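Since the structure comes first, as structure tokens, the remarks are kept for the end.
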Amino acid sequence: MAVLLGCIADDFTGGTDLAGMLVKSGMKTIQLIGVPTEPAPDDFDAIVIALKSRTNPAADAVEESLRALQWLKKQGCRQYYFKYCSTFDSTSKGNIGPVTETLMKALNAKFTIACPAFPANKRSIYKGHLFVGDELLSESGMRNHPLTPMTDSNLVRVLQAQVKGKVGLTDYTFVKGGASLIDQRFADLQKEGYQFSIVDALSDADLYSIGAACADLSLVTGGSGIAIGLPENFRKKGLLKITEDANKLGAVRGLKAVIAGSCSLATQEQVRVMKEKSPAYFVDPISLFDGKDVVAEALAWASENIAKGPLLIYATSAPDVVKSIQEKVGADKAGEMVEHALAQITQGLIKLGVGQLIVAGGETSGAVVKALGISGLRIGPEIAPGVPWTKAVFEQSDNESLVLALKSGNFGGPQFFNEAWDYIQ
Ligand code: ADP
């Protein structure tokens, strides 16, 4: 069966978030890391190509997104999706606008929408203004973001500054009227010469209506929220079967381990809770800095303890400890050293028979995925919002049995490391 939805995500965890959303709505989905060179693996309704283009120079982001699109076009997708952050992270130079405009041109699309709303995660849009919880975007913490400070909550204005075409608004008066009114508004905007519309959305019901109105757009752009309405369009056209098993990953084998490289508050608590029950090994950055063979020590410890249940190997430390090592070594060097060691330890753990792995930390996950030569992730059941179990697809191996949960540092409750296993059995 042909791929129905081809998606380009501007960062890795954003890609996983979108892929998880599609799986929940019944589409079998794979996330690929970077633009592949091989044809698509079989049997997926949706493919998400995760780039790392959110904060690249606009020209690079455009070039990479276009390469991703060209590859997706070769797979014969019916519709395309550009996923960015639900806080519309961008600057006046881009990258959301320039990437969208380029993709439209390549698809010969005359009109698209931009809707980062994700009401379940408290991102809503009203009269074109983006709210984060109860605050306007421009008054939220995003105004101080180091790379993409968002100082204007009016998305019509924000997007207009990034594109050549005209940006209009489909405001709540249309959205609350449902799909046919929204559809009519899109048609009217196009007649008036608009190429883009920001779309208001306050609830999941709105996202479903907007999704239905997007059935015939070749390109849809937004956060992951708007994706929940799209699978139904394919179902109505008889292209997507209703299935309960979009999130099934097949047999799960192997021992269990957690690698924690995040120092975020949620992970600190998860480490503390897991240590009460499970064998745990601390990867000490000072020992790494002193040139000790911490990787070999950790793996020797792991082989002795591996039979005792899920193992925890962590570098997670309190802020004052992290600060003191950063002062000694430099923040970048400390991060790199720890990531490298944790990635090597993970390689060793897999040789020891680990087949079920949780990795905590965005950068840490990136380092592990790279070291293991993983080229894709088949998306499975959700453990916590934004964190699904996945099955690894490898660049150069037929290892079919590694399941992974890659957790952003701040995601998940205190019992995450203890309870995540229950979701994959
Ligand atoms: P998060 O998702 O919480 O931001 P990341 O993995 O993205 O987690 O980032 C955490 C960074 O901190 C990584 O580069 C990791 O190697 C580094 N790190 C982890 N533990 C320590 C430590 N004890 N001292 C200094 N740096 C550390």
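Counting starts at 1 for both ligands and their atoms, in listed order. In this text the structure is predicted, and so the values were computed from the model without any measurement.
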- Message: Aromatic contact between Y80 and F82, with the criterion being ring centroids under 6.0 Å apart: yes or no?
- Response: no
Distances only, to 0.1 Å: what are the N or O pairs between ligand 1 and the protein that fall under 3.5 Å?
from     : atom 1 : to   : atom 2 : distance (Å)
ligand 1 : 2 (O)  : G362 : N      : 2.9
ligand 1 : 2 (O)  : G409 : N      : 2.9
ligand 1 : 3 (O)  : S262 : OG     : 2.6
ligand 1 : 3 (O)  : S264 : OG     : 2.5
ligand 1 : 6 (O)  : E363 : N      : 3.4
ligand 1 : 6 (O)  : T364 : N      : 3.0
ligand 1 : 6 (O)  : T364 : OG1    : 2.6
ligand 1 : 7 (O)  : G362 : N      : 3.2
ligand 1 : 7 (O)  : E363 : N      : 2.7
ligand 1 : 14 (O) : E339 : OE2    : 2.5
ligand 1 : 16 (O) : G335 : O      : 2.9
ligand 1 : 20 (N) : A315 : O      : 3.2
ligand 1 : 23 (N) : A315 : O      : 2.9
ligand 1 : 23 (N) : S317 : OG     : 3.0

- Query: Among T170, N154, L155, which one satisfies side-chain contact (heavy atoms from CB on, under 4.5 Å) with I198?
  - Reply: L155
- Task: Could you list the residues that satisfy salt bridge (Lys or Arg N to Asp or Glu O under 4.0 Å) with R253, not counting sequence neighbours?
- Result: none
- Message: The criterion is side-chain hydrogen bond (donor to acceptor under 3.5 Å, both in side chains); which residues satisfy it with T112, sequence neighbours excluded?
- Response: none
- Check: Y314 ring centre within less than 6.0 Å of Y281 ring centre: no
Pairs under 3.5 angstrom only: tabulate donor-acceptor contacts from the side chains of residues 56-66 to other protein residues two or more places apart or in another chain.
from : atom 1 : to  : atom 2 : distance (Å)
N56  : ND2    : K52 : O      : 3.2
S65  : OG     : A61 : O      : 2.6

